[in-house]
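So you know, we letter chains A, B, ... as the sequences are listed, proteins then strands, and number each from 1. The model shown is predicted, which means the values in this text are computed figures rather than measured ones.
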Protein chains: 2
Amino acid sequence: MHEKERHRIILSAVQDRPVVTVAELVTLTDSSEATIRRDIASLHVQKKLRRVRGGAESITPPQFVGLAGRPFSVNEALHGLQKRAIARAAVELCDDGDPIIINGGTTTFQMVHPLASKRMQIFTNSFPIAEHLLKHSKNTIILSGGVIYREQNIILSPFDNDVTRNFYAKRMFMGAQGLGPLGLMEADPLLIQAEQKLIGQADELVVLADSSKFSSRSSLILCPLERVATVVTDEGIPDHAAQMLEHAGIRVIVAAAGAAQEAATASG
Amino acid sequence: MHEKERHRIILSAVQDRPVVTVAELVTLTDSSEATIRRDIASLHVQKKLRRVRGGAESITPPQFVGLAGRPFSVNEALHGLQKRAIARAAVELCDDGDPIIINGGTTTFQMVHPLASKRMQIFTNSFPIAEHLLKHSKNTIILSGGVIYREQNIILSPFDNDVTRNFYAKRMFMGAQGLGPLGLMEADPLLIQAEQKLIGQADELVVLADSSKFSSRSSLILCPLERVATVVTDEGIPDHAAQMLEHAGIRVIVAAAGAAQEAATASG
DNA sequence: CGTATTTTGATCATTTTTGATCGAAACTGA
DNA sequence: TCAGTTTCGATCAAAAATGATCAAAATACG
């Protein structure tokens with residue numbers, strides 16, 4: 001990875017959280033601690049960020065208004081590490097130029113950092129994702145139109161005739177509240193509405209779900225398991241869940257913290 | 001392959017991605033590293049791109065959409081004071097609960113500050129306006145869907161069937177490049193496209209134009225003067241311009257720095 | 001057609017960047 | 001305070017990128 005590319009990713013990451021650790025940046029950029037430290041030092045003298053012990057922080061402290069006050073912050077710390085690894089593995093599925101859809105959510109939001117050094121066509125219904133990518137990447141951003149719901153941070157239109165129908169992607173990436181034999185589960189009716197609108201606008205549905213999602217239950221079923229092409233999860237996935245997915249013909253990618261590797265591919 | 005041909009390819013590639021490596025360009029042009037380096041060096045002195053170790057990057061100098069306050073760069077400082085006064089007077093036309101449209105632009109952006117204390121239904125095609133209002137107000141924000149154009153900071157859909165058609169407002173607020181007997185003038189074709197889409201989705205068209213706009217000329221006519229219901233401007237408006245507007249049956253509001261007052265109302 | 005000039009590609013020494021190691025310094029918790 | 005852990009910075013060797021040089025190829029020109 002090139003210097004500029006790393007710098008872009010580092011600056012992207014530093015906006016997202018109060019502090020980014022050297023270790024996080026190492027996994028995010030696939031380079032050594034020494035290099036990250038040099039990068040941070042370099043960006044520090046350029047006044048692009050502030051160097052702190054253990055990592056780096058944004059140069060503009062009160063800048064987190066947009067990211068702090070939302071429900072994003074709750075789950076964030078909990079499975080943060082896995083989420084980032086999962087997001088990174090998901091981005092590795094993409095090439096420059098690909099048209100993709102990213103459904104809003106805390107897990108999918110983590111994709112913005114590895115995406116910072118890409119140049120893709122990204123359709124999203126998430127205002128924060130669009131905002132971050134607009135500021136920290138050169139990707140083409142296409143936004144879904146409609147009312148911005150502050151709590152969920154998604155944009156939703158009650159009409160069927162919006163730009164969503166004019167965008168067709170290679171892949172759609174989404175999170176989920178739960179993942180069981182009955183299918184993909186979601187808790188918030190509003191999110192259901194947003195997601196159902198997007199499913200069907202992509203060849204391949206990729207679900208990002210950390211291992212806790214396999215034990216989580218929810219009342220609303222979004223779509224059957226068969227609709228899902230790929231699941232990206234972490235090493236904590238229970239055996240029975242892996243078997244369930246495999247049985248449904250789903251490709252399972254297990255993202256290790258630091259690297260991503262393919263674990264199983266079931267025949268269709 | 002000719003030199004010019006390679007240069008075209010290199011410049012194209014550099015626009016396409018945050019950073020292109022020498023190796024990438026070698027495969028892209030079927031020439032040697034030495035040649036690519038010479039090309040990059042040549043284009044570097046021509047200021048067509050920036051030479052970085054490992055390759056080249058786009059020459060986007062301070063192309064950083066401000067996080068905090070400065071989403072637009074150039075016009076900002078010029079008529080800042082008047083613009084703010086005009087924007088303030090424009091907002092005073094509105095009441096809580098009103099559905100309004102705000103077309104993106106440097107003048108209309110100034111409306112966000114007085115709007116911070118309102119609770120209205122605001123439709124906009126401007127990402128920075130939406131961002132600011134989302135973070136600093138409790139207004140309901142409805143966003144137009146489509147591609148986000150970074151330079152103009154507006155969202156534009158090539159399709160006619162988007163949410164825009166489902167929103168109808170009491171007033172639409174917009175800036176303009178110029179305002180003459182022939183009508184409302186704009187310089188950027190992209191902005192024209194965005195504005196024409198919105199005009200017609202509101203009862204009343206309100207144009208925010210500081211007094212310099214009456215002497216400014218531009219090639220593209222957006223709409224005839226008769227379509228405009230109200231013009232908000234500053235004290236520097238020339239007499240002939242005021243007469244012209246009055247003659248067209250336009251209500252003219254002159255915003256003094258510090259207060260807004262109605263100056264003239266022409267009968268229809 | 002033949003010569004002069006320019007452009008290109010290859011080789012190699014030099015410089016820059018990177019990653020690993022290890023002692024020093026800072027932080028943590030008792 | 002002190003021991004244990006983490007983070008840092010310096011150093012060094014390996015790898016990568018670069019620049020210079022020169023011969024071959026392409027092109028221009030008389």
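- Across the protein-nucleic acid pair, E24(B) atom CD and dA16(D) atom P stand 16 Å apart, rounded to whole Å.
- Of the candidate nucleotides dT8(C), dA26(C), dG9(C), dA26(C) has the atom lying nearest to any side-chain atom of R53(A).
- D234(A) contributes a side-chain N or O that, together with a main-chain N or O of S211(A), makes up a donor-acceptor pair within less than 3.5 Å.
- Atom NZ of K4(A) is separated from atom C1' of dA17(D) by 16 Å (rounded to the nearest Å).
- The side chain of A34(A) has dG19(C) as its nearest neighbour among dG19(D), dG19(C), dG9(C).
- On a pure distance criterion of 3.5 Å, a polar donor-acceptor pair joins the side chain of R38(A) and the base of dG19(C).
- Taking atom NE2 of residue H2(A) and atom C1' of nucleotide dT18(C), one finds them 13 Å apart after rounding to whole Å.
- Of the two residues near DNA chain C, E33(A) and S32(B), the one whose nearest nucleotide lies more 5' is S32(B).
- Here the side chain of R51(B) is nearest to one of dG19(C), dT18(D), dT8(C), namely dT18(D).
- Atoms CD1 (I36(A)) and P (dT7(D)) sit 14 Å apart, rounded to a whole Å.
- Residue contacts shown for V26(A) are absent, as no nucleic acid heavy atom lies under 4.0 Å away.
- With salt bridges taken as basic N to acidic carboxylate O contacts below 4.0 Å, one links R88(A) and D30(A).
- Side-chain atoms of R6(A) do not come within 3.5 Å of backbone N or O of T35(A) as any donor-acceptor pair.
- As rounded to whole Å, 8 Å separates atom C1' of dT8(C) from atom CZ of R6(B).
- In this structure, D30(A) places its CG atom 14 Å from P of dT18(C), rounding to the nearest Å.
- OP1 and OP2 of dG19(C) both lie 4.0 Å or more from every side-chain N or O belonging to R37(A).
- The side-chain heavy atoms of F123(A) and S144(A), taken from C-beta on, include a pair separated by under 4.5 Å.
- Taking the six-membered ring for Trp, H132(A) and H113(A) have ring centres closer than 6.0 Å.
- Here the side chain of T35(A) is nearest to one of dA17(D), dT8(C), dG19(C), namely dG19(C).
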